[in-house]
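Everything below concerns the one structure shown next.
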There are 2 protein chains.
Amino acid sequence: MYKISEAAIRANLPVKTVRYYGDIGLVNPAGRSDSGYRLYTDPDIAKLSFVGRARRYSFSIDQCRELLDLYEDEQRPSSVVKQITLEKIAEIDSRLHELQELRDELQHLAGCCHGDSRPDCPIIGKLSNDGLENGSF
Amino acid sequence: MYKISEAAIRANLPVKTVRYYGDIGLVNPAGRSDSGYRLYTDPDIAKLSFVGRARRYSFSIDQCRELLDLYEDEQRPSSVVKQITLEKIAEIDSRLHELQELRDELQHLAGCCHGDSRPDCPIIGKLSNDGLENGSF
DNA sequence: ATAAACCTTCCTCTAAGTGGAAGGTCAAGG
DNA sequence: CCTTGACCTTCCACTTAGAGGAAGGTTTAT
């Protein structure tokens with residue numbers, strides 16, 4: 001039985017986060033001491049680590065909740081886990097695509113900008129008027 | 001002088017967003033009608049459009065505030081604008097890199113998973129124990 | 001006159017925590 | 001015995017960038 005700071009160290013998470021995961025019912029401490037301190041067991045630490053790792057893999061708290069349920073279910077079909085993972089990959093692909101386009105456009109803009117002390121700047125120009133007729137003021 | 005919904009249409013932003021930009025002092029309406037309605041001028045619309053475009057380019061509200069100051073400053077040096085843009089590009093590159101690594105790892109995991117009704121799943125295994133010794137429970 | 005459409009302010013909610021204040025607990029040292 | 005410091009508790013506010021909705025005032029059209 002570890003108090004929260006020890007549990008946090010072992011799970012490699014901030015204390016505040018561990019407390020928060022208890023508050024939202026994601027990972028509850030096994031019990032409380034007489035004085036009200038949260039007490040965590042090794043299985044609790046494992047769950048905390050699991051969530052920490054899943055979070056680092058950019059799974060949302062809700063997805064973590066699902067995964068944790070699966071994690072605890074000895075009968076889980078691996079197809080469900082795979083499904084969640086594939087959805088996450090698709091999400092990442094879409095985000096990658098967006099970011100790539102954005103990056104290219106900004107790169108182009110920056111390349112066009114002479115970057116000196118003259119006040120005219122193609123970046124401002126582009127942001128001011130994206131080919132439409134409302135960019136003057 | 002346009003009322004808020006007209007201004008929102010012209011700036012291609014939701015009404016709520018236009019009101020919000022006023023609340024946070026980013027783009028204030030030029031004035032108010034006798035009955036208290038916000039009234040926007042063409043220059044206001046141009047500023048709203050500018051912010052909308054910058055936001056779509058993933059500049060933060062604070063960066064928009066900076067850009068708007070530059071936008072309004074006839075003496076702005078383009079070097080400052082270029083600097084902000086280059087910082088944004090670096091930020092995006094870093095995020096792209098992270099996402100790429102994440103994607104590859106999840107892809108690998110998904111590829112290892114047979115995805116059927118058997119309960120053992122390498123994804124869960126990997127999340128449970130990332131090479132450390134606290135993954136059992 | 002009244003109904004629809006529009007406007008206002010104010011309040012709550014989002015995700016996933018972080019930061020801090022006020023106060024209780026515990027072990028060590030003087 | 002007392003105090004100091006580290007640790008713990010709960011509760012509250014703050015973060016991003018708005019979205020959603022309630023209650024009520026205004027304008028426009030029929």
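Side chains are part of it too, since the values below use all heavy atoms of this structure and drop only hydrogens, waters and symmetry mates.
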Inset, instruction - With heavy atoms under 4.0 Å as the rule, sort A:R55 into base, sugar-phosphate or nothing. - result: sugar-phosphate
Inset, instruction - Check A:A11 against A:I45 and note the closest heavy-atom contact, atom names and distance. - result: N-CG2, 4.0 Å
Inset, instruction - With the side chain of B:P14 defined as its heavy atoms from C-beta on, choose the nearest nucleotide among C:dT8, C:dA16, D:dA19. - result: D:dA19
Inset, instruction - Just jot down the side chain to side chain contact (heavy atoms under 4.5 Å, CB included) partners of A:Y37, sequence neighbours excluded, or say none. - result: A:K3, A:S33, A:S35
Inset, instruction - Please check the phosphate of D:dA19 (OP1 and OP2 only) for any side-chain N or O of B:T17 closer than 4.0 Å. - result: yes
Legend entry - Annotated protein contacts, base or backbone, on nucleotides 21-28 of chain C with a non-hydrogen cut-off under 4.0 Å, one of B, S, - each: ---BBS--
Inset, instruction - For B:S94 and B:A90, indicate whether the former's side chain and the latter's backbone hold a donor-acceptor pair under 3.5 Å. - result: no
Inset, instruction - Would you name the heavy atoms of A:D44 and A:L39 that are closest together and state the gap between them? - result: OD2-O, 4.2 Å
Inset, instruction - Taking only the side-chain nitrogens and oxygens of A:Y20, find out if one of them lies under 4.0 Å from OP1 or OP2 of C:dA15. - result: no
Legend entry - Listed nucleotide nearest any side-chain atom of B:R32, set C:dT8, D:dA17, D:dC8: C:dT8
Inset, instruction - Would you mind reading off the distance between A:D23 atom CG and D:dT9 atom C1', rounded to a whole angstrom? - result: 11 Å
Legend entry - Minimum side-chain heavy-atom gap A:Q100-B:I92 below 4.5 Å: no
Legend entry - Non-hydrogen atoms of B:V15 and B:S5 that approach each other most closely: CG2-CA, 3.9 Å
Inset, instruction - Report the distance from atom CG of B:L48 to atom P of D:dG18, rounded to the nearest whole Å. - result: 12 Å
Legend entry - Residue-phosphate contact under 4.0 Å: A:R38 side-chain N/O, D:dT10 OP1/OP2: yes
Inset, instruction - Name the nucleic acid region contacted by B:I4, choosing base, sugar-phosphate or nothing; use a 4.0 angstrom heavy-atom cut-off, strictly under. - result: sugar-phosphate
Inset, instruction - Would you kindly give the CD1-to-P distance between B:I24 and D:dT16, to the nearest whole Å? - result: 10 Å
